[in-house]
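Everything below concerns the one structure shown next.
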Amino acid sequence: MLAPAAAPATPAPPPALDANGQVRPIYLTPPQTLSGTGPVIGIDLGTTNSCVALLSNGRPIVLRSREGYNTIPSVISLNAQNKLLVSHRAKNQLVLRPTHTIYGAKRLVGRPYDSAVVKQVRERFHYEITPDAAGRAAVRLGNDVLSLEEVQGIILRECKEMAETHLNQKVERAVVTVPAYYSEPQREAVRKAGTMAGLKVERILNEPTSAALAYGLNRELNKKVLVYDLGGGTFDATILRIEKNVFEVLGTGGDIFLGGIDFDNLIVDFLLERFQEKEGIAFSGDGIALSRVGDAAERAKMALSERNTFEVHIPMLMMDDGGRPRDLRVMMSRQDLEKICDPLLNRTIDVVRDVLLDSKLRAADVDDIILVGGMSRMPLVREKLKGLFGKNAQASVNADEAVALGAALYSGSVDKVSSVVLIDVLPMTIGVAMPGGGFKRVIERNSPLPAQRSFAISTSQDNEERMELSIFQGEDNHISANEYLGTVRVEGLPKGPKGSVRVAVTLKLDSECVLHVEAREYSTRKEVKATLATRYSPEELQKQLQVSKEAMSAAEERRGADLKDRAGRFWGFVKKALGRGK
Ligand code: AMP
């Protein structure tokens, strides 16, 4: 549960940067080299919780944390003595030290500070988000600035240490899972986080594919399955075809602003309405009181997955005008909960229908349903899916552990010529910027990976020696609403009048969705140097591509409105906790 508002953070000194303009790690000492040998572990690096698994005698097992839990909160915090805390101990600081407690890093990692998602998140997270020298989002913790790779690295280091304690040996290799919709820079950021934690990320695996592996590896199946993943903050639906050990994604979709917290927000509204009815006064407690209601709402939601009624009791929730303490005491039924949750769950079912359409399948073509994420424990989820598919979801898969177990299973094939074949799809279209800011689509979303497409460009000036091409990812027709991946610089072109030198540019996505660029000059057929290293600031890009301010802000508004609509629901509760909502 998110914490109430706190006093604004005192200004901290600018971030310490290394030679490449990156924020220097403070809590991690990245190793010079990683041996690349030894055991490989599977890590589900989650938004809310993370989970570690490994193969033991050929079977995947989930490891327990120091405190005895199968998953650890993906939270880090600095306590009053300036000591860094991780996982459960860090989560305990959320209410006490909200500005010094970092959660939800998975939403921010690998994203530009100026991106619409970061803008939305920035207004509402209690810790400070700041740009690094390269314009990426970073966070302040106490007097320091940390890159999000470092935050994720600290959580990965905790996972690594859990495995080392269990195995009683050094662990330097991992398979790490990421959401299917993660963009290329986000995947790269996860690799870097691994290295910072002293882990070589041998494979990046998409979460739904990983859950499907946990369900179907070595089972000689021939099935189409739906992975329905409803977690704390996001929702994803993916359809895969499993043929023996070939796992092929047919379609994927989701909503990055729909998860358990949205359900909790609605339950908070319900509880406060009941409180007003019973007590005859409106709730006027402070942020702490509201966060107690939030906690109680989440507890009620979880309890009602198991039972039909639950009494929510919060003693001394607030003082009335006469200075008397008032309790909140509400008897809630599963029926109440289901009525509240129905619209949100219908939205997930709409996404599932879209994914069916994208996959060119009917509901009857799906053989099995795999449930992932804590929220999928809600009985109404099963009911809704049964309504659409006419069958029950699989009971054999553990919703919290499936993704990590799949990663552990896959870790078994890292050192072998693998008999497992994974065919993923590109989650969002990749294309190039046109002068004026148009977006030319090059590799369409849902294309099977690996994928490659070529296109021609020619010089626009006499004797031009180098050309640049900016690459974006997203579905809008204008670049400003899409994510900037970087600029390709094509160098060493032969001299000639404008338009006479033509270059074939090839964008290649490998099976892990990592983007490579190649360029070949037409007349000589010679390869020319093409690097995807340059990153311009939004202002530089705007100038280079001659994008008008009007077009830019129209596209940004489009994207902002879309996010706002979804984020509004997501952050309703937090706003209230900050005392800015109703
Ligand atoms: P995850 O991100 O997969 O760890 O899921 C966390 C979300 O699942 C949170 O919103 C929890 O409140 C919710 N959750 C966990 N267990 C249950 C349960 N038994 N019933 C309903 N929701 C749950």
Side-chain angles (χ1 to χ4, degrees), residues 1-2 43-53 62 65 69-75 87-88 91 94 103-107 155 159 177-181 207-208 210-211 214 227-238 254-268 270-271 291 293-310 312 332-334 336-338 340-342 344-345 347-348 370-385 393 395 397-407 569-574:
M1 191 48 53
L2 293 163
I43 301 176
D44 167 10
L45 184 58
T47 311
T48 335
N49 296 300
S50 295
C51 185
V52 194
V62 164
S65 70
Y69 296 100
N70 281 10
T71 60
I72 58 166
S74 308
V75 184
S87 85
H88 286 97
K91 193 180 172 187
L94 209 52
Y103 49 85
K106 187 170 173 174
R107 287 175 178 280
I155 297 159
C159 296
T177 61
V178 299
Y181 59 79
E207 287 159 8
S210 194
V227 178
Y228 176 102
D229 181 353
L230 187 56
T234 58
F235 170 68
D236 289 283
T238 303
D255 188 335
I256 58 167
F257 286 106
L258 176 59
I261 185 96
D262 300 282
F263 293 75
D264 301 347
N265 293 341
L266 295 180
I267 303 165
V268 167
F270 168 86
L271 292 175
S291 84
V293 186
D295 274 336
E298 187 182 20
R299 257 183 287 121
K301 175 187 76 178
M302 285 159 64
L304 289 170
S305 289
E306 310 298 325
R307 25 203 292 208
N308 285 321
T309 54
F310 182 78
V312 182
M332 212 176 155
S333 68
R334 188 181 282 177
D336 293 328
L337 179 75
E338 295 189 341
I340 297 168
C341 299
D342 200 61
L344 292 184
L345 288 181
R347 271 172 56 200
T348 69
I370 301 168
L371 297 180
V372 181
M375 276 298 302
S376 71
R377 293 227 156 78
M378 192 178 268
L380 189 57
V381 167
R382 289 170 190 271
E383 238 174 77
K384 293 257 172 211
L385 289 167
V397 179
N398 180 311
D400 299 318
E401 299 171 1
V403 173
L405 289 171
R569 296 187 290 260
F570 181 77
W571 297 111
F573 167 69
V574 188

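Start at 1 and go down the list; that is how both ligands and their atoms are numbered.
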#### Entry: Nearest-0.5 Å distance, CE of residue Met375 to CE of residue Met302
10.5 Å

### Task
Could you list the atoms of ligand 1 found under 4.0 angstrom from a heavy atom of Asn49?
4 (O)

### Task
Could you tell me whether ligand 1 has any atom less than 4.0 Å away from a heavy atom of Thr47?
no

### Query
Step by step, would you call Met332 with Ile267 a side chain to side chain contact (heavy atoms under 4.5 Å, CB included)?
CA-CA 10 Å; Met332 212 176 155; Ile267 303 165; 3.7 Å; yes

### Ligand-side contact atoms (ligand 1) for residue partner Gly373, heavy atom cut-off under 4.0 Å
3 (O)

### Query
Among Cys341, Ala300, Ser50, Gly374, which residue places a heavy atom closest to atom 22 (N) of ligand 1?
Gly374

### Query
Which atoms of ligand 1 sit under 4.0 Å from any heavy atom of Gly260?
10 (O)

### Query
Can you list the atoms of ligand 1 that are under 4.0 Å from a heavy atom of Ser305?
18 (C), 19 (N), 20 (N), 21 (C)

### Task
Please report which non-hydrogen protein atom sits nearest to atom 9 (C) of ligand 1, along with the residue it belongs to and the distance in Å to one decimal place.
Glu298 OE2, 3.7 Å

### Task
Just go through Lys106, Arg377, Lys301, Met375 and tell me whose heavy atom is the nearest to atom 19 (N) of ligand 1.
Arg377

### Query
Does Asp400 reach ligand 1 with a nitrogen or oxygen that is under 3.5 Å from one of the ligand's nitrogen or oxygen atoms?
no

### Message
Contact between Asp262 and Phe235 at the side-chain level, heavy atoms closer than 4.5 Å - yes or no?
### Response
no

#### Entry: Enumerated ligand 1 atoms positioned under 4.0 Å from heavy atoms of Thr48
2 (O)

#### Entry: Where ligand 1 meets Gly232 - atom numbers and elements under 4.0 angstrom, heavy-atom basis
1 (P), 2 (O), 5 (O), 6 (C), 7 (C), 10 (O)

### Query
Does some side-chain heavy atom of Thr48 sit less than 4.5 Å from a side-chain heavy atom of Thr71?
no

### Message
Would you say that Thr348 contacts Lys384 through its side chain, given a criterion of any heavy-atom pair below 4.5 Å between the two side chains?
### Response
no

### Query
For residues Tyr228 and Ser376, is any side-chain donor paired with an opposing acceptor at under 3.5 Å?
no

### Query
Less than 4.0 Å between a side-chain N and a carboxylate O, is that true for Glu207 and Lys106?
yes

### Query
Tell me, do Leu345 and Glu338 make a side-chain contact under 4.5 Å, heavy atoms counted?
no

